[in-house]
Amino acid sequence: MHYLDNAATTPVIDSVADIADKTLREHFANPSSLYALGADSEAVITQSRRELAKALSCAEKEIVFTSCGTEGNNLAIIGACNARKNWANHIVVSAYEHPSVRNVCEYLKSSGYSVTEIKPSIEGNVDVLEIINAVTPKTALVAAMHINNETGAIIDVEELARGVKKANSRTAVHVDGVQAFGKIEIKLSNSNIDSYAVSGHKINAPKGVGALYLKGGFNIKNVMHGGSQERGLRPGTENTAYIAALGLAAQIASKNTLNPVVLKQLLVDGIINIGNIEINSPQNAHPSIVNFSVLGVKSEVLLHFLEEKSIYVSSGSACSKGAKSHTLTAMGLDAKRIDSSLRVSFGRQNTQQDVVALIDAIKIGQKTLAR
Ligand code: PLP
């Protein structure tokens, strides 16, 4: 099997599955219980929080465990906007955000917010200065994704946050770091970023667990209401086993940042050699994600042809379930190029053999499937 869809999700590595299993069996007690068994469960969470804080270079108290990246984005964005409601009515985002940011902004429009979307260039990059220049005295929040999930385009979020704070010191800066965690090192305590969302299943931990960095002193209002877990910001009994898994996966990922430049080069050289293929990712994209169009062959047709050969890629983002790519549309690419686009995303387990198998299969697919 050649699994090349790691931006959709990653396989759970054995040691991470083992720690989840062990925690499920040995630390079933409620972490809030006052007896020693509960304290032992709480200690598992504390240890994991320490790992997340190390991986993101921030204080332990700045980490809130969540159920996923989507929840982190919702909590940070709605929480920041609700805390700024009495003076602000405006949000600025890139035009290629994930639905877990884009649809939250759409929802906030019903509470009176207007949303400015900054489009990427046709090459796929968003200009940080354009985002900063859109900030007004009434801007509650700027949100931008660190690595785009469809093309791998990178936004320099530290430069962005510096500029936003200069333009309006009260504006919150939220970063969707789901695709960047474990791929780009970040020192959050030294930055002007107020919140940064990550997700377990993109770094070889299970689905259904994530974390949100919230800068100390950052002004945010509760979105959910319940118990006092996670400082009341994410109430509900903690998923101790998955939190333990996330902690270990974060430790492993940050010791070995994913940077598959050799695999990317091999892929790009191979597909350019085949001909009639356009690369959609910007040149300076992160090497873990390569988006390209096999002109004349519909994405889904080629995807299933590859699947028959046990090669797994995506026709866009997994969340859009075959819908037209939002990012490629925002870039202004033509419909034919969008309809024939594929996304290959590398993970820690991939080898050159995976890439060679893919190139060989695309060669055959292009010949046999072209309309
Ligand atoms: N943000 C980005 C950039 C993503 O790629 C994803 C998932 O694909 C998410 C957010 C949502 O993360 P989760 O699936 O953990 O809710």
Side-chain angles (χ1 to χ4, degrees), residues 3-12 16 52 56 63-78 93-107 117 120 124-126 143-155 157 160 173-184 186 193 195-213 223-224 234 239 242-243 245-246 249-250 253 258 281-282 285-286 288-291 312-323 325-328 330-331 343-347:
Y3 183 76
L4 290 159
D5 198 15
N6 294 275
T9 197
T10 55
V12 178
V16 172
L52 267 295
L56 294 169
I63 297 292
V64 169
F65 288 112
T66 61
S67 69
C68 59
T70 298
E71 187 182 298
N73 284 336
N74 271 263
L75 171 55
I77 296 172
I78 299 172
V93 287
S94 89
Y96 65 25
E97 290 300 306
H98 186 267
S100 59
V101 169
R102 203 167 69 240
N103 290 338
V104 176
C105 292
E106 206 48 48
Y107 158 74
E117 290 194 354
N125 286 315
V126 172
M145 80 208 310
H146 201 173
I147 293 184
N148 179 275
N149 55 310
E150 293 191 61
T151 64
I154 299 171
I155 291 180
V157 288
L160 172 71
V173 178
H174 174 65
V175 175
D176 175 349
V178 168
Q179 292 292 346
F181 191 37
K183 297 178 188 160
I184 298 180
I186 186 137
I193 295 165
S195 52
Y196 192 95
V198 302
S199 176
H201 73 106
K202 312 291 184 179
I203 60 156
N204 307 98
K207 293 149 204 49
V209 65
L212 177 66
Y213 159 80
V223 173
M224 286 169 79
R234 205 292 178 171
N239 186 344
Y242 278 17
I243 288 173
L246 176 62
L258 180 67
S281 293
H286 193 271
S288 59
I289 300 180
V290 185
N291 193 306
Y312 300 95
V313 300
S314 168
S315 62
S317 76
C319 296
S320 59
K321 275 236 175 212
S325 156
H326 181 73
T327 299
L328 302 188
M331 284 164 62
R343 176 188 70 180
V344 168
S345 47
F346 299 116

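One-based numbering, in listed order, for ligands and for the atoms of each.
- Taking both residues in full, the closest heavy atoms of F181 and L56 are given as CE1-CD2, 3.6 Å, listed atom of the first, atom of the second, then distance.
- Ring planes of Y312 and Y3: tilted class, angle from 30 to 60°.
- Around atom 10 (C) of ligand 1, the closest heavy atom drawn from G210, S100, G69 belongs to S100.
- For the residue pair E150 / T327, a side-chain donor-acceptor distance below 3.5 Å is found, with atom types taken as modelled.
- Looking at S281, its side chain does come within 3.5 Å of a backbone N or O of T151 through a donor-acceptor pair.
- Within the listing of ligand 1, atoms 13 (P), 15 (O) sit less than 4.0 angstrom from a heavy atom of S199.
- Those atoms of ligand 1 that come under 4.0 Å of a heavy atom in M145, given as number and element, are 3 (C).
- Below 4.0 Å from some heavy atom of H201 lie the following atoms of ligand 1, by number and element: 13 (P), 14 (O), 15 (O).
- Look at E97 and you'll find every heavy atom at least 4.0 Å from all atoms of ligand 1.
- Annotation for A211 and T66: closest pair N-OG1, 3.4 Å, computed over non-hydrogen atoms.
- With a heavy-atom cut-off of 4.0 Å, T70 touches ligand 1 through backbone and side chain alike.
- For the pair C68/H201, no side-chain contact is recorded, criterion being any heavy-atom separation below 4.5 Å from C-beta on.
- One N or O on the side chain of H326 and one on the backbone of A95 form a donor-acceptor pair closer than 3.5 Å.
- The heavy atom nearest to atom 2 (C) of ligand 1, considering only N149, D176, V209, is found in D176.
- For ligand 1, the atoms closer than 4.0 angstrom to any heavy atom of Q179 are 3 (C), 4 (C), 5 (O).
- Listed by number with element, the atoms of ligand 1 under 4.0 angstrom from any heavy atom of C68 are 13 (P), 15 (O), 16 (O).
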